[in-house]
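Take a look at the structure set out below.
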Amino acid sequence: MRNRWLALVAVALGTFMTYLDNNVVNVALPSIQRELHLSISGLEWIASAYILVFAGLLLVGGRLADVVGMRTMFFAGLGIFTAASVAAGLAGSQELLIGARAVQGIGAALLTPTALALLTELFPDPKERGAAVGIWGGVGALALAIGPLTGGYLSQHVSWGWIFLINAPIGLATAVLGAITLPARPDRHTQGSANRSLDLPGLATSAVALFALTYALIEGESRGWTSGVILGSFALAALAAAGFVLVETRTEHPMVDLAFFRLRVFSGGLATMGLWAFGVFGIYFFTAIFLQNVLGFSPTEAGSAFVPMALVMAVMATLAPRLEARFGAGRTVAAGMALMGVAVGLLATVGEGSGYTDLLPWFVMFGVGGGLLVPLNNVVLSALPQARAGIASGMLNVSREVFGLLGITILGAILSNRQNAASGEPLHRFLAGYQFSLVVAAGLVVVGVPIALVALRRITAPQEPAAETTAAGQLQPA
């Protein structure tokens, strides 16, 4: 009993590292640029290399967890990520730093889906698993709070290299704790299973599709959305995705059984997670710019501004499983989406001459709503059989990362278009674009309310597709 909860600490710490690295770099980029004399392109790739590789290999990491074993992949991802973090912290050139960031992405892609999937192995009881996922989600929310603050403080008062080097002691502590507490036996649901087939064509086509899509979303603004390389990347992503669907419908042991998408809990849960990520990523990215450019915050102050929001989110994440048990997953998640949508809409009313106290109530509301969405992780994992926990976690993370990038790129395009159409001083034009983009984001987040109410209204025990097929060979929706 005690070992399982200590194992949860190890799993949560592993997740904390990868989430922290997702947002710790942005505030430190000016310091890195000054010290390494980086070009703008190099600076962009320091931030992008990690996200590109991370998002591109998430499904691969989830599948490997199911086939090779969760414990093995957890330590493999942890070791790669920690070693790459040390290399990034000690890098003395643009090329070494970008390369280390890419290797960090490989480690994170192996570690992140495995960490969440391990909770199904450690906590087979649904009630305990719900509490464990709540704690895990709370730790992830803390990473959102600590990331910008840590990046700003270390780059301003110590050295930018320490934003990566701090992962070394965290990684070492996680490895020791995991070695003591994580089950040493092979994963029971992978032994002798037909699902041990790696499905190399599925892995390859999914990786190419995600790499190409992520690259196009990252580079579209700087290269031009109608440029040949961006249009080519979108076309490659579409072709690879079509190839993936074709492979998965014809292979004997597919990486992703497409019949699972007919389960409304699974598909609806992924859609809700995507809309959540669209709002969160967009808000963090553009509000950080708003705080500095419009309200005059320093980098450290801008990072600190998000701490109350993330702390409230962390607390609500631990309470959300109790609310789910009382009101149901659908109502709990829908309430979270509604609160987030309203908070984003009200943030759009804050303008020049405002202070932090004008933002704080809507930040807190946003944090409450974000915390209420934590049960969604457990719902999506539970929608599939335990033998597919790794790939379910991988798809959940893909939904979050890709929709998060869409949030940044689409809202950025809307902001730029509105800004260019407005008149007056540059500050006024930026504010007009920022406020309009928030209104659009609020509307999209609110779309998740009816999706959650319908898709999550009744949760049933997951089964293998073969057990749910009729005589006609068709999967019956849950």
Side-chain angles (χ1 to χ4, degrees), residues 54-63 65-66 109 112-117 119-120 133 136-137 140 202 206-207 209-210 213-214 217 237 241 244-245 248 254-282 320 324 329-330 332-334 336-337 340-341 369-370 372-386 388-407 410 444-460 462-463 465 468 475 477-478:
F54 180 38
L57 296 180
L58 271 169
L59 285 185
V60 175
R63 182 57 175 169
D66 287 336
T112 302
T114 306
L116 179 56
L119 299 184
T120 66
V133 171
W136 173 87
S206 68
L210 289 171
L213 176 60
T214 306
L217 292 175
F244 175 74
V245 172
E248 297 306 281
M255 179 175 72
V256 178
D257 193 320
L258 300 180
F260 283 133
F261 283 99
R262 296 186 61 189
L263 300 171
R264 59 172 172 78
V265 173
F266 183 67
S267 55
L270 290 180
T272 305
M273 174 58 73
L275 291 169
W276 172 85
F278 190 101
V280 168
F281 279 60
E324 179 195 7
T332 303
V333 172
M337 295 295 284
M340 287 177 60
L372 290 176
L373 261 73
V374 165
L376 190 58
N377 295 288
N378 192 30
V379 165
V380 172
L381 282 181
S382 301
L384 298 190
Q386 191 175 0
R388 298 298 184 95
I391 198 64
S393 176
M395 296 185 73
L396 191 66
N397 282 282
V398 164
S399 177
R400 186 188 71 231
E401 292 298 320
V402 171
F403 272 84
L405 282 171
L406 281 171
I410 292 176
L444 288 171
V445 171
V446 169
V447 170
V449 174
I451 294 176
L453 288 173
V454 173
L456 311 181
R457 68 180 183 273
R458 180 173 58 88
I459 310 299
T460 56
Q463 300 176 353
E468 291 186 85
L475 183 69

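Index from 1, following the sequence.
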* To do: Drop me the distance from M337's CE to T332's OG1, to the nearest 0.5 angstrom.
  => 13.5 Å

* To do: Specify the closest pair of heavy atoms between V454 and R264, including all atoms of both residues, with the distance to one decimal.
  => O-NH1, 3.6 Å

* Looking only at heavy atoms, what is the nearest atom pair of L376 and M273, with distance? -> CD2-N, 3.6 Å

* Asked: Minimum heavy-atom separation for G274 to F403, with atom names?
  -> O-CB, 3.1 Å

* Structure fact -> A455 and G268 have their tightest heavy-atom pair at CB-CA, 3.6 Å

* Structure fact -> Which of I451, L373, V449 passes side-chain contact (heavy atoms from CB on, under 4.5 Å) with V333? Answer is L373

* Structure fact -> On a heavy-atom basis, the closest approach of T114 and G61 is OG1-O, 4.2 Å

* Quick one: closest heavy-atom pair of A209 and A241, and the distance? => CB-N, 3.8 Å

* Under the side chain to side chain donor-acceptor pair (under 3.5 Å) test, residues paired with T272 that sit two or more places apart -> none

